[in-house]
Peer 1: 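Below is the structure I would like to discuss, written out as structure tokens.
Here is how names work: the chains are called A, B, and so on, in the same order as the sequence lines, proteins then strands, and each is numbered from 1.
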Amino acid sequence: MAKSTQLIDNEVFQAYATYTAIVLLKMMLMSLVTAYFRITRKAFANPEDTASFGKGDSAKKYVRTDPDVERVRRGHLNDLENIVPFVGIGLLYALSGPDLSTALLHFRIFAGARILHTFAYLIPLPQPSRGLSWSVGYAVTFSMAYKVLKTVLLL
Amino acid sequence: MAKSTQLIDNEVFQAYATYTAIVLLKMMLMSLVTAYFRITRKAFANPEDTASFGKGDSAKKYVRTDPDVERVRRGHLNDLENIVPFVGIGLLYALSGPDLSTALLHFRIFAGARILHTFAYLIPLPQPSRGLSWSVGYAVTFSMAYKVLKTVLLL
Amino acid sequence: MAKSTQLIDNEVFQAYATYTAIVLLKMMLMSLVTAYFRITRKAFANPEDTASFGKGDSAKKYVRTDPDVERVRRGHLNDLENIVPFVGIGLLYALSGPDLSTALLHFRIFAGARILHTFAYLIPLPQPSRGLSWSVGYAVTFSMAYKVLKTVLLL
């Protein structure tokens with residue numbers, strides 16, 4: 001049995017794999033940022049997470065929401081809502097035979113837009129920074145979906 | 001190097017690609033519906049989003065939750081919870097060698113159920129419309145997972 | 001046209017398919033646990049869900065949040081945040097030609113960690129049970145991403 005598959009030898013697929021790994025790692029980073037803010041702001045979601053602050057009411061008061069924590073969580077959810085379609089549609093797009101340069105253009109713009117979106121959300125930058133970076137990633141995914149449906153449509 | 005991959009020439013995979021693109025685009029549409037309700041209901045999640053309504057307290061009052069916005073957001077999250085398993089398990093299912101007609105049946109029912117679910121959630125239709133459409137999509141994904149595990153089980 | 005694709009004959013891919021189906025089914029289970037707690041705690045998110053409890057104020061009071069329901073929902077969201085990267089990066093990893101034994105080690109540890117995480121969240125077990133099981137799954141996904149980027153990096 002062949003150890004590696006042919007798919008991974010395809011350059012467009014290699015580009016897809018690279019950028020998918022990057023944006024998924026970026027999304028995973030949001031968990032660490034959330035944890036950082038939960039600990040520094042002492043704002044936890046579960047009673048058992050505050051046990052190290054003592055027992056009873058002295059610990060319970062740390063089960064609360066905090067604006068900075070909620071901001072990161074909104075950014076994380078926005079990543080899920082946008083990176084999931086990119087990963088799914090991007091895979092189909094990579095398999096639909098696009099030019100390497102066109103594919104790289106799509107993947108690079110998407111990854112750049114999502115990284116910018118995270119900075120715009122967390123700093124936060126004044127609008128329309130976040131709105132624009134969100135739109136660019138959205139448009140790239142839409143463009144890939146169009147290419148996929150044009151290539152494979154089988155209803 | 002071959003420009004397109006063999007995978008995309010497989011009819012079952014073409015059907016998978018078509019319906020995955022459709023349900024992911026449908027899920028992405030929820031972002032636009034959320035934005036529509038946030039703007040018309042003037043209910044935003046971030047202070048920087050209300051800057052165009054003026055400064056200080058006159059703008060701050062628009063950082064609030066609204067029942068219509070929250071409804072769309074619940075529908076969007078429900079999409080994530082159900083469409084992610086469809087995309088992941090559906091890919092494995094498409095590669096497990098099902099009959100084209102059986103595969104199309106699964107994909108069509110799932111896509112129909114999720115579109116119905118969105119209407120049932122947003123209008124909203126009286127229960128059990130939403131519950132039933134949710135169950136149908138859930139059952140389809142379960143059926144595909146069963147076929148996958150029957151074909152490949154390697155623990 | 002070949003009915004099945006070559007991919008599914010690859011043992012590493014079979015292992016990926018098995019564990020991806022398992023963790024996605026586990027994630028889907030969270031919907032049923034949420035429904036169970038919503039019904040037993042009588043805590044619903046939508047007015048139309050409480051119609052069977054009567055009309056007007058007698059039903060409206062069941063549109064509320066409940067600590068047990070919210071706990072399951074946090075567990076479900078944590079699954080989405082962690083299982084989505086596993087499914088995406090795991091696919092690329094499976095295609096990058098790892099040894100079967102190394103791949104199985106990654107997949108088994110991830111699946112075990114996420115099942116433990118769910119029990120730690122729902123029972124709940126005292127910390128650091130949940131934190132540790134989360135970290136293990138996170139580290140496995142990170143390790144797979146490292147292998148993917150080492151193999152395919154095409155920026």
Peer 1: Count the heavy atoms of every other residue, nucleotide or ligand shown that sit under 6.0 Å from CZ of A:Phe53, and state whether that count exceeds 12.
Peer 2: yes
Peer 1: Looking at A:Arg71 and B:Pro47, what are the two nearest heavy atoms and their distance?
Peer 2: NH2-CD, 3.7 Å
Peer 1: Which residues in residues 81-89 of chain A have a heavy atom less than 4.5 Å from any heavy atom of chain B?
Peer 2: A:Glu81, A:Val84, A:Pro85, A:Gly88, A:Ile89
Peer 1: Do any N or O atoms from the side chain of B:Thr18 and from the backbone of A:Leu154 form a donor-acceptor pair under 3.5 angstrom?
Peer 2: yes
Peer 1: Which atoms of A:Leu149 come close to chain B, meaning under 4.5 Å heavy atom to heavy atom: side chain ones, backbone ones, both, or neither?
Peer 2: side chain
Peer 1: With rounding to the nearest 0.5 Å, note down the distance linking CG in A:Leu91 to CG in B:Leu7.
Peer 2: 8.0 Å
Peer 1: Taking atom CZ as the centre, does A:Arg38 end up with more than 12 heavy-atom neighbours from other residues, nucleotides or ligands that are less than 6.0 angstrom away?
Peer 2: yes
Peer 1: Apply side-chain contact (heavy atoms from CB on, under 4.5 Å) to residues A:Val152 and B:Tyr16 and explain how you reach the verdict.
Peer 2: CA-CA 9 Å; A:Val152 304; B:Tyr16 167 74; over 6 Å; no
Peer 1: Return the option, out of A:Thr151, A:Leu155, A:Val148, with the maximum number of heavy-atom pairs under 4.5 Å with chain B.
Peer 2: A:Leu155
Peer 1: Using heavy-atom distances under 4.5 Å, tell me whether B:Phe107 contacts chain A through its side chain, its backbone, both, or neither.
Peer 2: neither
Peer 1: Does anything in residues 19-37 of chain A reach chain B? List residues with heavy atoms under 4.5 Å apart, or say none.
Peer 2: none
Peer 1: Apply the test side-chain contact (heavy atoms from CB on, under 4.5 Å) to residues B:His76 and A:Leu77: give CA-CA distance (whole Å), side-chain angles for both, the deciding distance (0.1 Å), then the verdict.
Peer 2: CA-CA 10 Å; B:His76 200 165; A:Leu77 188 57; over 6 Å; no
Peer 1: Give the intermediate values and the outcome of side-chain contact (heavy atoms from CB on, under 4.5 Å) for residues A:Gln127 and B:Asn46.
Peer 2: CA-CA 10 Å; A:Gln127 285 283 26; B:Asn46 302 288; over 6 Å; no
Peer 1: Considering only heavy atoms, which portion of B:Ala51 lies under 4.5 Å from any heavy atom of chain A: side chain, backbone, both, or neither?
Peer 2: neither
Peer 1: By a 4.5 Å heavy-atom criterion (distance strictly below it), what part of A:Phe13 contacts chain B: side chain, backbone, both, or neither?
Peer 2: neither
